Amino acid sequence: MTTVINTPPSLEEKPFEQVFDQVAAVPQDEKIIVDARHVRWANPYGLTALLALAQSRSERPVLYVPEAENVSSYWSRMSFFKHAAELYDLQGKVYPARGQENRNVLLEVTSISETDDVHSVVDRISQVAQDTLVQQLKLEAKVTGRFAMALSEVCQNIVEHAGRGGWVAVQSYQWRVRLGGRKVVVIAVCDSGVGFRGSLESSPAFQQDDRWDDRLALEETLMRGVSRYPDRHRGHGLQGVKNFVASWDGKLSIRSGTARIMIPPKGDWDAEDEQQMQQGLAYFPGAQVQITIPERFA
Amino acid sequence: MSHHIDVSSLLRKSVCELYSNLVTRPTGAAVRCEIEHELDRIGERALTVIDFSHVKLLDYSCADEIVAKLLLQYVSVDAPRREVYFVFRGINESHMDAIEAVLKRHDLALVSQLADGAARLIGDIGPDERLAWETMAKLGAAETKEFASASGLEPDSAEKMLDTLWRRRLVIRYDGGYAAVGTRTFATLPTTQH
């Protein structure tokens, strides 16, 4: 039996829940067709989550690619199809990337599976982030190093905890609806590995109690810096990312298993996203992380 | 005698010629091992300058490996690996987030030398300890009695405070007195075994 998974026209973090809802209902070894023909827009989260989705299936899925030339071309520019071809049977016409340079793409979809990949990502972002963060988003120059540092930490999370590879992408764009034209830069890192709960459960010191679930695993990691490693001083990484995001009025959200935790922005942008903790979501393995840093207004 | 360790050079030597950023835990662990090998060659008692001037980026994982785990072996324990004092040079604003975070997490402090040569303490340090260290830094080097007088502490309290700072390797103990790590006076002191 084959199940068709319909994607929403906008492949971002929240709408992607519709995809997770559908996929969770299909046994993992059953074939799926992901129908993205009518997608009009995808951000880094949408693209990397699509790859994680294929990675989570034991039967190679089919992807109907977007029909709109500008969308397809942009996905090519983001190197999405290069990675997707390894995981999906692609159906439909894939348009090549348009020739002109796109300053909004800070980092194309990039696979992360080992330490060298993290170095490579940090080197590349260090070269291009200054222009976007300082010139376009009007942030202070000191943000650049911290941005790269945060990127490094979330990528390392895959190498150290996921148990399999994942993907990262970084893009800046105009967040028209929610921010009234305000520009944002978005980092997304997605994998379908063991997830936060699985990682903590692998610790020799782990003791399960009745309350133990994905929500608690996220809270332990992000709020209390708990790590699966016996060294009690491990677990700085995501705490550092959290501090970085808070200091730049950004937003951090992490989905793992059936829960999602969100560190909300201090400002009033994106006020509609109020729930700091969501439980009972459709199950999806691994971790899906999104960091959003908004343009600073004087 | 003081020794200078350029962290950026060790990164290229020990991990990869092409890397310029100190990121990831394995990279930090590899660099720390190189530093430890250098320290093994130096001897039982030494002042070492750890120089971050040419390091572009330092993330939390690397800071934990290179700064915190290095210090933990030489300070804050009753039987440190060796009597080594560290001065950290070239720490810029972007390094500071990661370094301060790991120091606080491990209850550590270090002496950072600024571009103008001035030294300052960063990390987990109480106001009394900071004041005492700054008093000693102004004195350069001093006997306990002189320090007690300058700091306004009773002689017993002054001795205890200096012992605490010495155990944290923020002052050096030498024949006849103490000196604040990172001060000019300190650099000229003999480092013979006490």
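From a predicted model like this one, the values you see are computed outputs, not experimental measurements. Lettering of chains follows the sequences in order, A, B, ..., and the numbering in each one begins at 1.
Using a 4.0 Å cut-off between charged side-chain N and carboxylate O, B:Arg25 and B:Asp64 make a salt bridge.
Here B:Thr24 is the residue among B:Thr24, B:Asn21, B:Val102, B:Leu58 with the most heavy-atom pairs under 4.5 Å with chain A. Per-residue counts of heavy-atom pairs under 4.5 Å with chain B were compared for A:Val118, A:Val143, A:Thr144, A:Val122; the largest is that of A:Val122.
By the 30° and 60° cut-offs, the orientation of the rings of B:His95 relative to B:Phe52 is tilted.
A:Ser120 does not touch chain B: none of its heavy atoms, backbone or side chain, sits under 4.5 Å away.
The closest donor-acceptor contact from the side chain of A:Ser256 to the backbone of A:Gly286 lies under 3.5 Å. Judged by distance alone, the side chain of A:Arg215 and the main-chain N or O of A:Ala217 form no donor-acceptor pair under 3.5 Å.
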